[in-house]
Amino acid sequence: MIGFLRGTLVQKQPPMLVLDVQGVGYEVEAPMSTFYQLENTNEAVTILTHMHVREDAMLLFGFASEAERTLFKTLIKVNGVGAKMALGILSAMSVNEFCSYVDAGDVTALTRIPGVGKKTAERLQIEMRDRLKPIMESGLFGFEPMTGLGGASADAPAMLNSVQQSACDALVALGYKPQQAEKMVQAVFDESLSLEEVIKRALQGIKL
């Protein structure tokens, strides 16, 4: 299995990264929390990885920290939670926030995550509480209580420029519906912002 990749970051198109490792281009799907920590392309980076093997594909996922990778690997063990949903969770909130909601039994907060309905949120709260306990006790997550989530902005969508469209595409890839993604991006967009910053603010908007 591939534990990490060290090479040159040649492409960033959320949620996909492409790393050149000694002439081989690795496509790596990553949560937005990892994108925020990667600045410029053509720079040397090290990404922790997890290889997810399916009947029809072998997918590589990348993370900026061991805490994120551990949470991802724990999430995909829960029935009904796939890799796409796990990426959406890590993109929508920090590791500490997720642990806080699970620990507090805040099912409503968990349903704000794209693709997570009430039944899935309840399953996450029940199963992850037991699964996370030994990890949190180890100190890996540095768990601290956090505040809950609120609703997304309901501003009407307008014409999208290339950065806005790319941000919307990234949100859709993370599990949001196209119309919802447009509203989230329009609510926070500023022409001075980078693509990663627009996505970050759009995701933070669901916690306002």
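Start at 1 with the first residue, then count along the sequence.
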Handout entry: side chain to side chain donor-acceptor pair (under 3.5 Å): pairs with one or both residues in residues 7-28, sequence neighbours excluded
Key = Lys12-Glu196

Practice task
Check side-chain hydrogen bond (donor to acceptor under 3.5 Å, both in side chains) between Arg129 and all other residues, then give those that pass, not counting sequence neighbours.
Solution key: none

Completion exercise
Taken in chain and number order and not counting sequence neighbours, the residues that satisfy salt bridge (Lys or Arg N to Asp or Glu O under 4.0 Å) with Arg131 are Glu127

Practice task
Hydrophobic side-chain clustering at under 4.5 Å (ILVMFWY, transitive links): who's grouped with Ile126? Put none if nobody.
Solution key: none

Practice task
List in chain and number order the residues that pass side-chain hydrogen bond (donor to acceptor under 3.5 Å, both in side chains) with Ser91, two or more places apart in sequence or in another chain; answer none if no residue qualifies.
Solution key: none

Fill in the blank from the handout: Residues passing the side-chain hydrogen bond (donor to acceptor under 3.5 Å, both in side chains) test with Ser194, sequence neighbours excluded, are none

Fill in the blank from the handout: With sequence neighbours left out, the residues meeting side-chain contact (heavy atoms from CB on, under 4.5 Å) with Ala44 are none

Exercise for the section: Tell me, please, which residues at least two apart from Asp190 pass side-chain contact (heavy atoms from CB on, under 4.5 Å). Expected result: Ser192, Leu193

Completion exercise
Sorted by chain and residue number, the side-chain contact (heavy atoms from CB on, under 4.5 Å) partners of Ala64 (sequence neighbours excluded) come out as Thr34, Gln37, Glu68

Exercise for the section: Could you list the residues that satisfy side-chain hydrogen bond (donor to acceptor under 3.5 Å, both in side chains) with Asn40, not counting sequence neighbours? Expected result: Glu43

Fill in the blank from the handout: Those residues at least two apart in sequence (or on a different chain) that pass salt bridge (Lys or Arg N to Asp or Glu O under 4.0 Å) with Arg123 are none

Fill in the blank from the handout: By ring pair (Phe, Tyr, Trp, His ring centres under 6.0 Å), Phe63 pairs with (sequence neighbours left out) Phe72

